[in-house]
Amino acid sequence: MNTLEQLPFDNTYTRLPDVFFERVMPTGFPETHLVSFNPGAGELIDLDPDQAKRPEFHQAFGGKQLLPGSDPIAMLYAGHQFGHYVPQLGDGRAILLGEVRNSRGEKWDLQLKGAGMTRFSRDGDGRAVLRSTIREYLCGEAMHGLGIPTTRSLCIIGGDEGVLRERPEPGAMLIRMAPTHVRFGSFEVFFYRRQQEHLKTLADYVVAEHFPEWIDDDAKYRRFLAEIARRTGVMIAHWQAVGWAHGVMNTDNMSILGLTLDYGPYGFMNDFNPGFIPNHSDHQGRYSFQNQPDIGYWNVRAIAQALSPLVEESDLAGAPELYEETMLKTYAELMQAKLGLQETHEGDDKLRRDLFAQMHSNHVDYTNFFRALGNFKQDDPGANAEIRDQFLDREGFDWWAERYQARLKAERSVDAERKVRMDHCNPKYILRNYLAQVAIQRATEQQDYSEIDRLLELLRHPFDDQPEMNEYATPPPDWGKHIVVSCSS
Ligand code: AMP
Ligand code: MG
């Protein structure tokens with residue numbers, strides 16, 4: 001186990017040419033304090049959890065004091081925002097403190113978000129508010145608990161200075177962790193600048209660091225592109241299956257490792273609604289829930305284009321196709337599992353579509369429906385009241401349930417066994433906006449951070465029945481149905 005000072009930094013990104021980043025010191029708050037520490041992420045860098053109790057911890061991860069071996073940089077990238085290319089973005093408020101190699105040889109970026117201005121800050125102040133920091137911190141871990149590829153969250157450090165948004169709000173910083181923060185936009189910037197040598201340097205870097213088995217492979221760039229496409233497909237299939245929308249799927253928020261990256265105005269659906277738009281500023285609904293698979297395709301085309309100087313023309317077109325194939329296949333598998341089906345029969349797609357239509361028109365809670373469906377009894381309709389009562393149109397549900405029952409019989413499904421399987425893939429607990437909002441209110445108004453830790457612990461085990469936490473599985477109360485979240489805060 002490492003102390004803070006023993007963290008073994010190996011800052012590979014800083015060994016790239018200077019154009020890839022800006023060396024920049026974090027701007028700490030005058031006073032800092034620990035808001036929350038996540039021991040689960042600490043393990044990834046072999047960090048002794050007791051270290052979080054030291055004042056040096058919040059000083060180091062609040063940007064006030066550098067750890068030995070840290071070499072802070074802001075990374076350059078560009079990206080397509082809402083379909084339009086923006087030639088320069090970059091880390092405007094995040095600073096990569098360095099990369100730590102753990103005892104298993106894995107490397108983890110320690111990125112400090114809200115660390116002050118950089119060359120890439122444009123009109124921003126380089127800061128993050130406590131509210132949005134809590135949302136990102138919790139959701140990274142909630143997604144991880146759900147088995148969805150994502151960045152991780154190490155800690156939140158609070159500052160004593162207010163940050164001005166619509167009104168002054170408490171400021172904070174987050175340590176976000178990922179094997180790399182390289183994004184689609186990290187490549188796009190060099191493609192559009194026509195700097196092919198840098199494009200190649202970056203591709204070689206990523207292959208060497210993350211796919212070393214391909215270093216000597218003539219097809220390494222093609223493989224790399226295909227892997228991005230495949231992983232993006234897997235990631236988005238998981239989002240769709242769990243009923244989650246990212247909110248800002250710009251190419252600068254798309255990880256080349258297929259990790260869910262940059263938690264802003266995201267949301268888990270409550271009632272099933274394909275048109276769900278979590279981002280209040282997304283007036284056109286470009287990034288609505290149902291558009292995500294298509295946007296994934298659009299984004300994979302963008303990364304394919306960015307890599308076009310390195311990959312044969314004939315191989316480029318294959319990337320979006322591979323993305324689509326992977327996404328559809330993974331999604332179908334995940335949904336079969338959510339329905340408790342082990343075989344694939346003709347008509348399964350229709351069964352699912354009909355269910356969705358019923359759920360939509362009846363405003364049925366997506367998460368709670370699937371969780372309850374695990375209790376479905378094939379031969380005792382009376383026992384299915386808990387599920388049936390979620391639908392206003394009971395007959396509509398009966399019509400579907402009859403076909404579901406027949407489908408279960410067709411594969412000789414055993415109720416008790418199916419329930420065990422379904423409980424492993426239909427979460428009981430998700431990070432509903434209103435749950436995060438309660439934690440945010442207590443933190444910002446009363447400096448009471450206990451609810452953050454409670455949610456963190458709960459969401460580590462979203463599939464476990466935790467009877468004492470039952471109230472956390474309820475759909476939002478009226479006040480929590482229309483919480484507004486929008487871009488950068
Ligand atoms: P996001 O919407 O968080 O993905 O951010 C898009 C771009 O805006 C990135 O280049 C960010 O670094 C930058 N940005 C967002 N918020 C701020 C801020 N408060 N200060 C400086 N840059 C920011
Ligand atoms: Mg971003």
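We count ligands from 1, going down the list as the structure has it; atoms in each ligand are counted the same way. Computed from a predicted structure; not experimentally measured.
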Asks: Any N/O/S atom, side chain or main chain, of Asp262 closer to the Mg ion (ligand 2) than 2.8 Å?
Replies: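 Yes, Asp262 qualifies, because one of its backbone or side-chain N, O or S atoms lies under 2.8 Å.
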
Asks: Considering the heavy atoms of Gly124, write down every atom of ligand 1 situated less than 4.0 Å from one of them.
Replies: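 So the answer, numbered in order with elements, is 18 (C), 20 (N), 21 (C).
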
Asks: Are any of the N/O atoms in Gly126 less than 3.5 Å from those in ligand 1?
Replies: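 So ligand 1 has an N or O lying under 3.5 Å from an N or O of Gly126.
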
Asks: Ring-plane angle category for Tyr449 and His33, please: parallel below 30°, perpendicular beyond 60°, tilted otherwise.
Replies: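 Rings of Tyr449 and His33: parallel, under 30°.
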
Asks: Compute both the distance and the angle, then confirm whether Arg127 meets the cation-pi test with Phe29: under 6.0 Å from the six-membered ring centre, within 45 degrees of the axis.
Replies: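 Yes, cation above the ring, under 6.0 Å and within 45°.
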
Asks: Is ligand 1 less than 4.0 angstrom away from at least one heavy atom of Gly264?
Replies: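 No, Gly264 has no heavy atoms under 4.0 Å from ligand 1.
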
Asks: State whether the number of non-hydrogen atoms from other residues, nucleotides or ligands found under 6.0 Å of Arg15 atom CZ is greater than 12.
Replies: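 Enclosed: over 12 neighbouring heavy atoms sit under 6.0 Å from CZ of Arg15.
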
Asks: For a quick check under 3.5 Å, do His181 and Arg176 share a side-chain donor-acceptor pair by atom type?
Replies: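 There is such a pair (donor and acceptor under 3.5 Å, judged by atom type) between the side chains of His181 and Arg176.
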
Asks: Can you tell which part of Tyr77 has a heavy atom less than 4.0 Å from ligand 1: side chain, backbone, both or neither?
Replies: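 Answer for Tyr77: side chain.
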
Asks: Does even one non-hydrogen atom of Gln81 get within less than 4.0 Å of ligand 1?
Replies: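 Yes, Gln81 has a heavy atom closer than 4.0 Å to ligand 1.
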
Asks: In terms of the angle between their ring planes, are Phe211 and Phe224 parallel, tilted or perpendicular, with boundaries placed at 30° and 60°?
Replies: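 Taking Phe224 first and then Phe211, their aromatic rings sit tilted (interplane angle of 30° to 60°).
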
Asks: Taking both backbone and side-chain atoms into account, decide whether Asn250 has an N/O/S atom under 2.8 Å from the Mg ion (ligand 2).
Replies: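 No - counting backbone and side chain alike, Asn250 has no N, O or S atom under 2.8 Å.
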
Asks: Heavy-atom distances under 4.0 Å are what count here, so tell me which part of Asp125 touches ligand 1: side chain, backbone, both or neither.
Replies: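 The answer is both.
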
Asks: Could you name the option among Ser121, Ser132, Gly90 that has the heavy atom nearest to atom 10 (O) of ligand 1?
Replies: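 Considering heavy atoms of Ser121, Ser132, Gly90, the nearest to atom 10 (O) of ligand 1 sits in Gly90.
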
Asks: Indicate, as side chain, backbone, both or neither, the part of Arg165 found under 4.0 angstrom from ligand 1 when only non-hydrogen atoms are considered.
Replies: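 It is the side chain that touches ligand 1; the backbone stays farther off.
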
Asks: Give a yes or no on whether a salt bridge exists between Lys53 and Asp48, defined as a side-chain N under 4.0 angstrom from a carboxylate O.
Replies: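 No.
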
Asks: Would a line drawn from the ring center of Phe20 to the ring center of Phe190 be shorter than 6.0 Å?
Replies: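 That pair passes the under 6.0 Å test.
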
Asks: Can a cation-pi geometry be assigned to Arg286 and Trp298, taking NZ or CZ under 6.0 Å from the six-membered ring centre and within 45° of the ring axis?
Replies: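 Pair Arg286/Trp298 counts as cation-pi.
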
Asks: Please indicate whether any nitrogen or oxygen in Arg122 is less than 3.5 Å from any nitrogen or oxygen in ligand 1.
Replies: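 Right, the criterion is met.
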
Asks: Give the atom numbers and elements of ligand 1 that come within less than 4.0 Å of a heavy atom of Asn253.
Replies: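 Matching atoms, with element in brackets: 4 (O).
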
Asks: Closer than 4.0 angstrom: is that true for some heavy atom of Val248 and an atom of ligand 1?
Replies: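 Distance cut 4.0 Å: Val248 fails for ligand 1.
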
Asks: Regarding Ser36 and Asp453, do their side chains bring together a donor and an acceptor under 3.5 Å, going by distance alone?
Replies: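 Side-chain D/A pair, Ser36 to Asp453: present.
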
